Protein chains: 2
Amino acid sequence: MEDRLIELAELFKVFGDSTRIKLLYTLLDGEKNVGELATLLSMNQSAISHQLRILKTSDLVKVRRDGKSMYYSLSDDHVESIIKLGMDHICEED
Amino acid sequence: MEDRLIELAELFKVFGDSTRIKLLYTLLDGEKNVGELATLLSMNQSAISHQLRILKTSDLVKVRRDGKSMYYSLSDDHVESIIKLGMDHICEED
DNA sequence: TTAACATATGTTCAACTGTTCATATGTTCA
DNA sequence: TGAACATATGAACAGTTGAACATATGTTAA
């Protein structure tokens, strides 16, 4: 069980960064390429790319290429569930 | 929305540490005092105390005093839901 | 092939984080 | 009151992290 808990912490660590949460949240609305994401988040391309790689490694997003662009999207709807549950917790706190 | 997402990241950050996840997981089983938690996690009292403080500040646990001991417990069952959902995600990945 | 574009990657650095050690606070009981 | 116990807190240190910059890779179209 210890190992699973460590793995669980790793998962939450990925959600535990505002840039990555913003990326995931933005992708709830559908796939987007790196440039679009950088614009939407007002951050430079490199930072976005680095964070997308972490999300990809964690299997939270998937990618497809279309010409010069790479289109990222959520890899399954667990991501949405987790974000929503977290939001529930936050909203109940008032 | 940006602010909420930042707050959400803060919440997940708290779950994103193996010591804290272990503490929360251990508390699923009911309230425990600091010494018990330190023993169960094989960690020193100070480290446990520091992490409990973070959990407390985030309103994930609550405390009551009983004599010399401080008994910690989960503050609501959202914590359990979030842990379970995270586990679901991990277990489906095979 | 070459220029222009889109994205990825390597490196560096400042900021943050978790643990440990030492010590302070608070409680009980003799 | 004072000793023993339980927990909290402060400081210090090593390890980690995210962003920025520079540059590499890969794709398209001329």
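As the structure is a computational prediction, the values presented were derived from the model and not from experiment. Residue numbers begin at 1 in each chain, while the letters A, B, ... track the order of the sequences.
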Quick one: side-chain contact (heavy atoms from CB on, under 4.5 Å) partners of K84(B), sequence neighbours excluded? E80(B)
Short side-chain N/O contact to dT17(C) OP1/OP2 from Q51(B), under 4.0 Å: no
Between N44(B) and A47(B) (side chain of the first, backbone of the second, donor and acceptor by atom type, cut-off under 3.5 Å), is there such a pair? yes
Rounded to the nearest 0.5 Å, the CD atom of E10(B) sits from the NZ atom of K13(B) at a distance of 4.0 Å
On DNA chain D, nearest-nucleotide positions of R65(A) versus V63(B): which is more 5'? V63(B)
Rounded distance in Å - CD1 (I54(B)) to C1' (dT17(C)): 8 Å
Classify the nucleic acid contact of Y71(A) as base, sugar-phosphate or nothing, counting any heavy atom under 4.0 Å across all strands shown. nothing
Can you tell me the distance, in whole Å, between the CG atom of N33(B) and the C1' atom of dT27(C)? 14 Å
Using heavy-atom distances to pick each residue's nearest nucleotide on DNA chain D, tell me which of T19(A) and K68(A) is more 5'. T19(A)
Need one value for S69(A): base, sugar-phosphate or nothing, where a base atom within 4.0 Å counts as base even if backbone is also close, heavy atoms only. sugar-phosphate
Rounding to a whole Å, what distance do you find between H50(B):NE2 and dT17(C):C1'? 12 Å
For the CZ atom on R4(B), are there more than 12 heavy atoms of other groups (residues, nucleotides or ligands in this structure) within a distance under 6.0 Å? no
Output for pair (Y72(B) OH, E36(B) CD), nearest 0.5 Å, gives 13.0 Å
Q45(B) has an atom CD; how far is it from atom C1' of dA22(C), in whole Å? 12 Å
CG of N44(B) versus C1' of dC21(C): gap in Å, rounded? 9 Å
Interatomic distance where CE belongs to M70(A) and C1' belongs to dC5(C) [whole Å]: 14 Å
Walk me through it: do Y71(B) and S73(B) pass the test side chain to side chain contact (heavy atoms under 4.5 Å, CB included)? CA-CA 7 Å; Y71(B) 282 86; S73(B) 57; over 6 Å; no
Expected output check: what is the dot-bracket annotation of DNA chain C, where ( ) and [ ] are pairs inside the strand (brackets for crossing ones), | is paired with another strand, and pairs are Watson-Crick or G-U under 3.5 Å? ||||||||||||||||||||||||||||||
To the nearest Å, give me how far apart CZ (R53(B)) and C1' (dT19(C)) are. 14 Å
Salt bridge or not between K22(B) and E2(A)? Use side-chain N to carboxylate O under 4.0 Å. yes
Along DNA chain D, first and last positions that approach a heavy atom of chain A under 4.0 Å: dG18(D) to dT28(D)
Rounded distance (Å) that lies between atom C1' of dT19(C) and atom CE of M43(B): 7 Å
Smallest separation among heavy atoms of T26(B) and K32(B), with atom names: O-NZ, 3.8 Å
Report yes or no: does S18(A) contribute a side-chain atom to a donor-acceptor pair with the main-chain N or O of A9(B) at less than 3.5 Å? no
